[in-house]
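So you know, we letter chains A, B, ... as the sequences are listed, proteins then strands, and number each from 1. Everything numeric in this text was worked out from a predicted model, so none of it was measured.
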There are 2 protein chains.
Amino acid sequence: MSKQAAPLSLDFTAATCCPPLTQQRVPGEAAAALAPAFKALGDPVRLQLMSMIASAEGGEVCVCDLTPAFDLSGPTISHHLRTLREAGLVDSERRGTWVYYRARPQVLRQLAALLAVEPTAPAGR
Amino acid sequence: MSKQAAPLSLDFTAATCCPPLTQQRVPGEAAAALAPAFKALGDPVRLQLMSMIASAEGGEVCVCDLTPAFDLSGPTISHHLRTLREAGLVDSERRGTWVYYRARPQVLRQLAALLAVEPTAPAGR
DNA sequence: ACGTTGCTTAGACAAATGTCAACCTAGGGG
DNA sequence: CCCCTAGGTTGACATTTGTCTAAGCAACGT
């Protein structure tokens with residue numbers, strides 16, 4: 001458990017990314033590293049899962065609380081969670097009978113930074 | 001041209017979205033509306049296209065400047081641009097022989113807002 | 001030891017996606 | 001007119017994705 005999705009080498013800790021999309025062209029390498037994270041958020045179910053996990057009290061949620069929130073089979077939810085995990089967006093940990101997921105704020109922050117846009121302000125803020 | 005992707009009804013102008021993922025659970029409807037935008041950014045080529053468009057001088061780029069930047073056929077680039085358009089991320093306009101794309105900052109802003117995370121600060125902001 | 005509950009893995013399958021070659025449309029110049 | 005260039009559309013194809021059922025592994029209760 002707590003797989004870091006070895007082959008992805010997202011290296012989110014470093015300068016893989018960051019200057020906003022709108023400020024500087026994203027080089028191919030960075031795009032290849034970051035796209036999977038967006039792709040993972042590109043499914044309605046996973047986007048909801050992500051928000052349920054990220055907004056959870058105590059910073060974590062039991063899978064047993066996630067599964068019943070959707071009209072989908074357990075394996076399907078598990079599959080989506082794996083996708084989020086492999087995209088580096090969440091981490092999982094087994095404690096006793098249950099498995100808990102928690103968000104990785106660093107990654108979210110970096111994605112948000114990438115999408116950042118100058119404030120609408122036409123004049124000087 | 002300048003298609004607004006009619007059937008999508010993203011309604012990005014209103015409260016379709018916005019409170020950060022980490023603050024509040026994204027309801028299914030909002031997730032369904034927002035996921036396509038993330039999905040559109042979930043391909044390396046499109047992520048690069050998006051950044052080339054969004055960071056362009058003058059706020060717009062000619063397709064003729066985008067296509068040669070990739071090792072892909074014209075139709076393929078055209079297809080990716082259409083995907084970005086239908087996701088509401090960009091707009092296109094024909095002027096004479098050439099077609100220009102420009103970013104829709106509102107949407108980027110909303111996506112960024114959704115991913116926003118509290119500053120790392122463990123203590124009082 | 002056995003059965004139960006929670007979650008993941010494996011396999012299968014229809015649907016969606018990324019890519020290309022071929023064709024088509026728009027606009028500009030001879 | 002005809003042709004040339006810039007892009008988009010169509011149709012085909014292999015690959016990936018979302019979903020399920022069936023089977024597996026892990027922890028707990030009895």
*Measure from NZ on B/K39 to C1' on C/dA16 and round the result to the nearest Å.*
7 Å

*Looking only at atom types and distance, does a side-chain atom of A/T67 sit under 3.5 Å from a main-chain N or O of A/C64, one as donor and one as acceptor?*
no

*Could you check how far CZ of B/F70 sits from C1' of C/dG18, rounded to whole Å?*
14 Å

*Taking OP1 and OP2 of D/dG18, is either one under 4.0 Å from a side-chain nitrogen or oxygen of A/R46?*
yes

*If you find the nucleotide of DNA chain D closest to A/D71 and the one closest to A/R95, which residue's nucleotide is nearer the 5' end?*
A/D71

*How is B/L72 classified with respect to the nucleic acid when contacts are heavy atoms under 4.0 Å: base, sugar-phosphate, or nothing?*
sugar-phosphate

*Within 45° of the ring axis of A/Y100 and under 6.0 Å from its six-membered ring centre, is that where the NZ or CZ of A/R94 lies?*
no

*For C/dC20, take OP1 and OP2 only and decide whether either is under 4.0 Å from a side-chain N or O of B/S73.*
yes

*OP1, OP2 of C/dC7 versus side-chain N and O of A/H79: anything below 4.0 Å?*
no

*asked:* Applying a 4.0 Å non-hydrogen cut-off, can you work out what B/G74 is touching in the nucleic acid: base, sugar-phosphate, or nothing?
replied: nothing

_Distance check needed: C/dC7 C1' versus A/I77 CD1, whole Å only._
12 Å

*In whole angstrom, what separates B/L81's CG from C/dT19's C1'?*
15 Å

_Under a plain distance cut-off of 3.5 Å, with no hydrogens placed, do A/R85 and A/Y101 share a side-chain donor-acceptor pair?_
yes

_Expressed as a whole number of angstroms, how long is the span from B/L49:CG to C/dG18:P?_
12 Å

*asked:* Is there a side-chain contact between A/L89 and A/L111 in this structure, where contact means two heavy atoms from C-beta onward sitting under 4.5 Å apart?
replied: yes

*Under a 4.5 Å cut-off applied to non-hydrogen side-chain atoms, are B/D65 and B/W98 in contact?*
no

*Would one find a side-chain N or O of B/R82 under 4.0 angstrom from OP1 or OP2 of D/dT9?*
yes

*Give a yes/no on whether any side-chain N or O of A/T97 is located under 4.0 angstrom from OP1 or OP2 of C/dG6.*
no

*Separation of A/D43 atom CG from C/dA15 atom P, in whole Å?*
17 Å

_Return whichever of B/C64 or A/V45 has its heavy-atom-nearest nucleotide of DNA chain D closer to the 5' end._
B/C64

*Report yes if at least one side-chain N or O of B/Y101 is closer than 4.0 Å to OP1 or OP2 of D/dG8; otherwise report no.*
yes

*B/R94 CZ to D/dG8 C1': how many Å, rounded?*
8 Å

*Hey, is the side chain of B/T76 poking within less than 4.0 Å of OP1 or OP2 on C/dT19, counting only N and O atoms?*
no

*What is the distance, rounded to the nearest whole Å, between atom NE2 of A/H80 and atom P of D/dT19?*
4 Å

